[in-house]
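Presented below is the structure to which this report refers.
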There are 2 protein chains.
Amino acid sequence: MGSSTGGRPPVMADVAKAAGVSHQTVSRVLNDHPNVRAETRTRVLEAIDRLGYRRNMVARALVTRHSRTLGVVSFDTILYGPASTVYGIEQAARDAGYFVSIVSLRTIDRAGMRDAVNYLIEQGVDGIVVVAPQRSAASALEDLSPGIPIVAVEGGHTGRVPVVCVDQAEGARLATAHLLELGHETVWHIGGPQDWLEAEGRIEGWRDVLTAAGRKIPDVLPGDWSPRSGYTAGKHLAGMADQISAVFVANDQMALGVLRAFTEEGVRVPDQISIVGFDDIPESEFFSPPLTTVRQDFGAVGRHSIDVLLGQIEEGAAEVLERFVVPPDLVVRGSSAPPGA
Amino acid sequence: MGSSTGGRPPVMADVAKAAGVSHQTVSRVLNDHPNVRAETRTRVLEAIDRLGYRRNMVARALVTRHSRTLGVVSFDTILYGPASTVYGIEQAARDAGYFVSIVSLRTIDRAGMRDAVNYLIEQGVDGIVVVAPQRSAASALEDLSPGIPIVAVEGGHTGRVPVVCVDQAEGARLATAHLLELGHETVWHIGGPQDWLEAEGRIEGWRDVLTAAGRKIPDVLPGDWSPRSGYTAGKHLAGMADQISAVFVANDQMALGVLRAFTEEGVRVPDQISIVGFDDIPESEFFSPPLTTVRQDFGAVGRHSIDVLLGQIEEGAAEVLERFVVPPDLVVRGSSAPPGA
DNA sequence: TTCGGTAGTGTTATCGCTAACATTCTCACT
DNA sequence: AGTGAGAATGTTAGCGATAACACTACCGAA
């Protein structure tokens, strides 16, 4: 409100003068230092309120050498998975008393990754979370030794950076096993982009289950997460519908494309072919038919990544090269059924 | 790489010593000051490289009084619209040489808004973009006079803060007019949450067109953006399918719910009832049938909001209380057709 | 009474940088 | 050679906060 400081925002010294104390006492009040008389404290707080004083965190960060701000590096922040992850991270950080500065990279290369991390370090963040679901991003992260705490989300575990992720292979196992348990002879798979670690993990889990059950392992159909790529793969599968009874699709958006292709080609789901997706996007429940899928708990991923990061920052746990794995859940809906139902 | 500074990261003075110049000269090199001899410049750059020096932007921000960082306040950052908007803002900011610090509010109230804005100001951001699609958020913004440049995205225009938004009413007009042109007698509407300005704008545009054409204006069916609410409304509409031939749904997710409900009830789209959505999410093209919808250019919204904000910051254009409106596009697909087709 | 401990407060130095001013160096032109 | 303008560089003084230490008052114990 009222400022007797002549235009510019009041600083600590102005508050000190107004309260008749030293600026250090103001600082003590602001930082909840115990050795301040109650009467003095209220006088200072009153002066702060009267002058509309706001602490300059930049000056504070300069001297304390930490900013209570975390950096987040991310790609493709419009995709449901990354968007949810970033949201989870932001909320968890704020619950822990930290704020986040976000850099969304358009392209994934070493230079971009390096620039982003450097920028965040220059800004004085206390730690960095890198959402690096692609192999290239994860490896770009590897040959960076930033000198500040860092944690990778959904990245590959290569030993230099702790990783928090959802167990992709386990999710794929749940999906594939579910289809086999329904009685399907084998399960086809539409994969995500080659470069994505998640895509790889899902292939791995799917293949594991088929191998363990001694089933034929069909070729992986390529996809790029987009509904269109699922549509294309779906058209292809529809052409050989008589040899196929179950498909595990690497994400829900592609599964939607498959459903569309099957609808166009007159392939009935789940009567002729069962479909299981991955992600459980909010739409999946209302696909026709509602999609059986694997749910990932992005909130938990965000919380764990912040836990790990703050562990490094606050306890100085130098070499916590851990790997936190969040388990996925199978959500059974109408797109999966016994064969020939 | 090598640091002869004994553990702690090198500072400008270290570089200066290594290059045999004063720290001020190092500063000049870093800030592209013209009056530096080319030979000196390379010597400094070489020293920077050798020591692995990184400028401390916190110290810089303290003295220059600006951080080249913008704050973003947002809600519901997982919804497609807000997520895309925030992404657009982040990209535009970075293209302009700024970085962003993001606060995602969980709840929308005055206190939350005030805290978020205060936090960002304390952090020393040069300006703030508030993604405030709800009436409550927009009004919380109003009685804040933060003393720094600020711009609202998708907020209501109340005169104190410049606004950038997509023309919701125009989008609704396009959708409704499209349905009337196909020959439908009137158009029903499933609206978004009461509190959202976008929901209101869409109702307004829809009503305008019906009024202008002298058509009956049905009651608005309530929705909350979620597929489930669309499903519920769809069930209701299916029960009176013989009196209805066209529905304009306030977003694509709800339209999906409607499609699902219609499928369950045996209502054929677009044969019996045409449907038009809003947003053009990536999934819409692969709904069954593919959804006719209204596309919003979130990238343009991001760019404009940054333009307006930087206008205030850099040109000090104090009272630019403008309103930038981005036009939407109608995307016609298979869910709309002439009645009784 | 004297002393040490501690609560409450003030003083000074410092974080790493840029702005402002001071100084030196260069060179064209008298 | 002498001069002055301007380029190149150095020196000093902050930015606004916290840390470290110094100081005063007051207490109870010796």
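A note on names: the letters A, B, ... follow the listed sequences, proteins ahead of strands, and every chain is numbered from 1.
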Check your understanding: Could you state the CE-P distance from B:Met12 to C:dT14, rounded to the nearest angstrom?
Key -> 20 Å
Check your understanding: How many Å lie between CZ on B:Arg8 and C1' on C:dC15, as a whole number?
Key ->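 So the two atoms are 11 Å apart, to the nearest Å.
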**Study point:** Atom pair OG (A:Ser104) and OH (B:Tyr87), whose distance is rounded to the nearest 0.5 Å
**Key:** 6.0 Å
Review point. Are the charged groups of A:Arg8 and A:Asp14 less than 4.0 angstrom apart, N to O?
Key: yes
**Study point:** B:Arg106/A:Asp95 ion pair, N-O < 4.0 Å
**Key:**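 Yes.
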Does [N] have its OP1 or OP2 closer than 4.0 Å to a side-chain nitrogen or oxygen of [X]?
{"X": "B:Ser22", "N": "D:dT11", "value": "no"}
{"X": "A:Asn35", "N": "C:dT6", "value": "no"}
{"X": "A:Thr25", "N": "C:dG8", "value": "no"}

Review point. Does B:Pro34 or B:Gln24 map to a spot on DNA chain D nearer the 5' end, using the closest nucleotide for each?
Key: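 The answer here is B:Pro34.
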Revision key, fill the gap. Note: for A:Asn31 and B:Arg37 on DNA chain D, the residue whose nearest nucleotide lies more 5' is B:Arg37
Check your understanding: Cut-off 3.5 Å, side chains only: do B:Asn31 and B:Arg60 have a donor facing an acceptor?
Key ->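 Judged by distance alone, the side chains do pair up.
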Point to revise | Pair A:Arg28, A:Asn35: side-chain N/O donor-acceptor within cut-off below 3.5 Å | key: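 No, because no side-chain N or O of A:Arg28 sits under 3.5 Å from a partner of the opposite role on A:Asn35.
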Check your understanding: Donor-acceptor pair, A:Asp297 side chain versus A:Gly299 backbone, under 3.5 Å?
Key -> yes
Practice item. Looking only at side-chain atoms of A:Arg28, point me to the closest of D:dC21, C:dT18, C:dA20. Key: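 Of all the options, the side chain of A:Arg28 is nearest to D:dC21.
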Review point. When you measure from the side chain of B:Val11, which nucleotide among D:dA7, D:dG10, C:dG16 comes out closest?
Key: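 Closest of the options to the side chain of B:Val11: C:dG16.
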Point to revise | Close residues, residues 55-70 of chain B, relative to DNA chain D [heavy-atom separation under 4.0 Å] | key: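 Residues of residues 55-70 of chain B that come under 4.0 Å of DNA chain D are, in numerical order, B:Leu62, B:Val63, B:Arg65.
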